Each structure stands twice: as structure tokens, then as C-alpha cells.
There are 2 protein chains.
Amino acid sequence: MEPIRKAALVKATIVEIGRAGSLDVTVSQIAKRAGMSSALAHHYFGAKEDMFLAAMRHILSLYGAEVRGALAAAGEGPEARLHAIVRASFSPGNFRREAVGAWLNFYVLAQTVPEARRLLAVYQRRLRSNLLACLRPLVAGRAETVAASLGALIDGVYLREALKEGQPDSAAAVAAVVDFVAAELGKTQTK
Amino acid sequence: MEPIRKAALVKATIVEIGRAGSLDVTVSQIAKRAGMSSALAHHYFGAKEDMFLAAMRHILSLYGAEVRGALAAAGEGPEARLHAIVRASFSPGNFRREAVGAWLNFYVLAQTVPEARRLLAVYQRRLRSNLLACLRPLVAGRAETVAASLGALIDGVYLREALKEGQPDSAAAVAAVVDFVAAELGKTQTK
DNA sequence: AAGTTTATTGACTCGTCAATCAACAAAAAG
DNA sequence: CTTTTTGTTGATTGACGAGTCAATAAACTT
């Protein structure tokens, strides 16, 4: 039972954060959505914060899996692999209300909860390392710098696309980042 | 009295959000820090959310003033003006705990509170227009695209610098963005 | 001076919520 | 079949907090 209940709670936590748009969700709401009493939620997770952290781990692992899958499906060319990472980062699923809510609130959580900050750092390192592998063959010496900027650009574009009025547009987000890469590769042509 | 009290409450709101790292601050805390009773805070602002929005307006107007000042001090060259905007965006003051807390939580607020979303949109449009003015002489046809990416990059770099473990480094943030601009201008050389 | 508006607060209402606990059920172990 | 472990909940506790209100004081108006 334990793993089933925990998984249900994690999913419900993410949904509720998405609905509320904040971490201001009660354990009862989460438990109810997961089909159990609040007491049971407390039984499996000690405290509410533990639920948040588990939810964060889940979101990050989903994203990680998405990127891994995209890379596996992509061919061998560095450009193609780079493109795959970017597309995975901006997949429509990542712009669903729950996902946006989760990410934004995890940023907030990372300010004060060390474990949340650590998890975020892990995500950023993984993204960076994936980007580096693609970039080294393309820009050699400047790979480190470009990877750092590219990572930040992905976060920034995501933020803007997620918060703009109107529906987010995955394709536009991808295009913006691809354009940056093109510039870094020295081709001014947007293609 | 009214404007004095309101100003004190706005300042106190920002400080308390920074301390808590979230919008989970009580009106009493804010009022106490502002040197008055919670009833008085409710008297001047109707509800807590109004205090948050006033605080957001204040943060945004501070940032706007900073950019305006930097532009006034900068010369006439588009590159210099661009650099001024970037430096103002990453001034050490913007990395103080209160400022970071305010920005991150305003992003969260923008998900659900239309007025917050609107304010954020205003900030983004202003930044975009400032960037465009500098970019048009430099990259002509691609100015719109570059301005959009540059705006997102600034947000993304800020986010990462603010949340990384260790103290944020304004200079590094500026350097990352400047490097991007250099690439967009077609100069591969990092300087 | 009497009246009116503004400033200010302590006390209160009404609600919420995290966390605990005792109790019950049901499965596993012996 | 009885004991222990695991699953489960309703009820409760204890605390906190947003917003209201009546009352007091102080400052202007006429």
C-alpha cells in the first residue's frame, strides 16, 4: 500500500498546487484528491513539507525522463540532440497548469528549504551536462560559457511563456532558443 | 498620514516577504514591522492582497527608476546603453533577499491574480522597448527577435544567480548576458 | 465650542488547518 | 485462532490569522 498511497499523494499534491497556484494548499485537499483521509497522508509523509519535496522530486524526474527519451530518439548529430533537449524542455506538458505551478513554487521553496535548493541544483547540473555534451563538438572552447547561457535562456523563456497572457506556445519557445544557438554558432541566418 | 503609513506598509511587506521567502506572512507581522497595529493596516489597505500588489508596484517602479537612471548616465552609443540596462538589471540591490523574495513570489502571484500578471506584463514590455531602442541600430531586422530572447535571458540569468548556492555574483550575470549580445552581433570573440 | 472627519487600537469573531490519537479493521505471522 | 503488524479514519487539540467593530483620541471646520 505504501508506495501506491505515496504516489497518489504526490500526484494530488502537484494537481492541488497547480489549482491553487501556490503552496497554500491544505493537507486535507491533497488527501481528498488522492482519495484518503488527511490523517493517512500524515501517516505516510511525516509533514506537509515532505510532500512538497516528494512532489518536486517527481516533477524533476519526469522532466529528466522526458529529456532522456528525447535524446534516445534523436540521432547522433550534436545539433539534432541539442534540438531534442530544447523541445523536451518546452513540451506542451510542461506548460500545463500543474507543471507551471509546481516549477514556480519550487523556485520559491528553494529560497528557504535547503533540500529544495539542492534538488534544483541537481536539475541544473544535469541540464548543463547534457548541453555541454552537444556543445563541445560545436563550439569547442566556448562550450562552458554557452551551456551556462543556454541553460539560463531555457529557464527564462519558459518563465515568460508560462506567465504571458494567452496560451503558451511551445513552438515559439523552441524557436527563440534555437535562434540563440544559431547566433552562437556564428550563423546569423535564422533558418 | 495616509501616504506615510502606506509607504511604511509597502516597505514592511517587502521585507517580510523576503524574510519568510514566501507570501506566507501575516498582516500582523507586516504591521508590527511598520510600527502600527494590524487593524490600521487593514484600514489603509482593504485586504492583504492589496498590500502585495502595492509592494509589487513598488518593486517594479524601483527597478524602472534604476534602469532609467542608468540610461541617463550612459552615453549615446547603443552598446553602452544596452550594457547599462543589463548592469541595472543585475545591480547587487536586486539580489538582496527581499528583492529576490519579492520577484519570485510575484511570479507565483501572477499565475492567479490578474492584476499581478498585468503588472508583470508592463515590466516586460518596458524592458523590451528599452532593449529594442538599443538593438535596432545594431541588428536592424532581427531586433524584435533578439530583444525577446535577451529579455528572457535576463530573467533566466537572474533566476539562476539568485537561487544558486553561495552568494550571487552581479558581475558574472552581466558577463553572461554581454556574451550573448556579442554572439548576436556576430562577433564570436568573447572580448 | 460644537461638530465632523481622520487616526488609531484592543478585543473579538469566525474560520481554518497541521498534527495527534485512540480506535477499529483487516491482513500476516506464529 | 490469537497476536502482531499494517492500513485507516473520525474526532480532537491547539494554535493562528484575516477581517470587523466599537471606542477613544486627536485634528481640522464652521
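This one's a predicted model, so the numbers in the text were calculated from it and none came from an experiment. Naming: A, B, ... by sequence-line order, numbering from 1 per chain.
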Nearest heavy-atom neighbours spanning B/Ala55 and B/Ile14: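 Scanning both residues, the minimum pair turns out to be CB-CG1, 3.8 Å.
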
Would you confirm whether [X], through its side chain, and [Y], through its main-chain N or O, come within 3.5 Å as a donor-acceptor pair?
{"X": "B/Lys48", "Y": "B/Val25", "answer": "yes"}
{"X": "A/Gln111", "Y": "B/Gly21", "answer": "yes"}
{"X": "B/Asp50", "Y": "B/Ala47", "answer": "yes"}
{"X": "B/Asn94", "Y": "B/Ser89", "answer": "yes"}

In terms of ring plane angle, is the pair A/Phe180 and B/Phe180 parallel, tilted or perpendicular, where the classes change at 30° and 60°?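 Parallel: the ring planes of A/Phe180 and B/Phe180 meet at under 30°.
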
Specify whether A/Phe95 and A/Phe90 have parallel, tilted or perpendicular ring planes, treating 30° as the upper limit for parallel and 60° as the lower limit for perpendicular.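 Ring orientation of A/Phe95 relative to A/Phe90: parallel.
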
Consider the side chain of A/Thr26, meaning its heavy atoms from C-beta on, and name the nucleotide among D/dA18, C/dA19, C/dC17 that approaches it most closely.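 Of the options given, the side chain of A/Thr26 lies nearest C/dC17.
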
Rounded to whole angstroms, how far apart are [atom1] on [X] and [atom2] on [N]?
{"X": "B/Lys32", "N": "D/dG17", "atom1": "NZ", "atom2": "C1'", "value": "15 Å"}
{"X": "A/His42", "N": "D/dG7", "atom1": "NE2", "atom2": "C1'", "value": "17 Å"}
{"X": "A/Lys48", "N": "C/dT20", "atom1": "NZ", "atom2": "P", "value": "14 Å"}
{"X": "B/Gln29", "N": "D/dA18", "atom1": "CD", "atom2": "C1'", "value": "13 Å"}
{"X": "A/Ile30", "N": "C/dT16", "atom1": "CD1", "atom2": "C1'", "value": "15 Å"}
{"X": "B/Phe45", "N": "D/dA18", "atom1": "CZ", "atom2": "C1'", "value": "16 Å"}
{"X": "B/Asp24", "N": "C/dA18", "atom1": "CG", "atom2": "P", "value": "10 Å"}

Every protein N/O lying under 3.5 Å from an N/O of nucleotides 4-13 of chain C:
unit_1, atom_1, unit_2, atom_2, d
C/dT8, OP1, B/Arg5, NH2, 2.6
C/dT8, OP2, B/Arg5, NE, 2.9
C/dT9, OP2, B/Ser37, N, 3.1
C/dT9, OP2, B/Ser37, OG, 3.3

Quick one: CZ on B/Arg57 to CD on B/Glu115, what's the gap to the nearest 0.5 Å?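 B/Arg57 atom CZ to B/Glu115 atom CD measures 5.0 Å (nearest 0.5 Å).
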
Extract from the structure each pairing of a protein N or O with an N or O of nucleotides 24-26 of chain C at less than 3.5 Å, listing the distance.
none

What about the rings of A/Tyr107 and B/Tyr107, do their centers lie closer together than 6.0 Å?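 Distance test on ring centres: not under 6.0 Å, no.
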
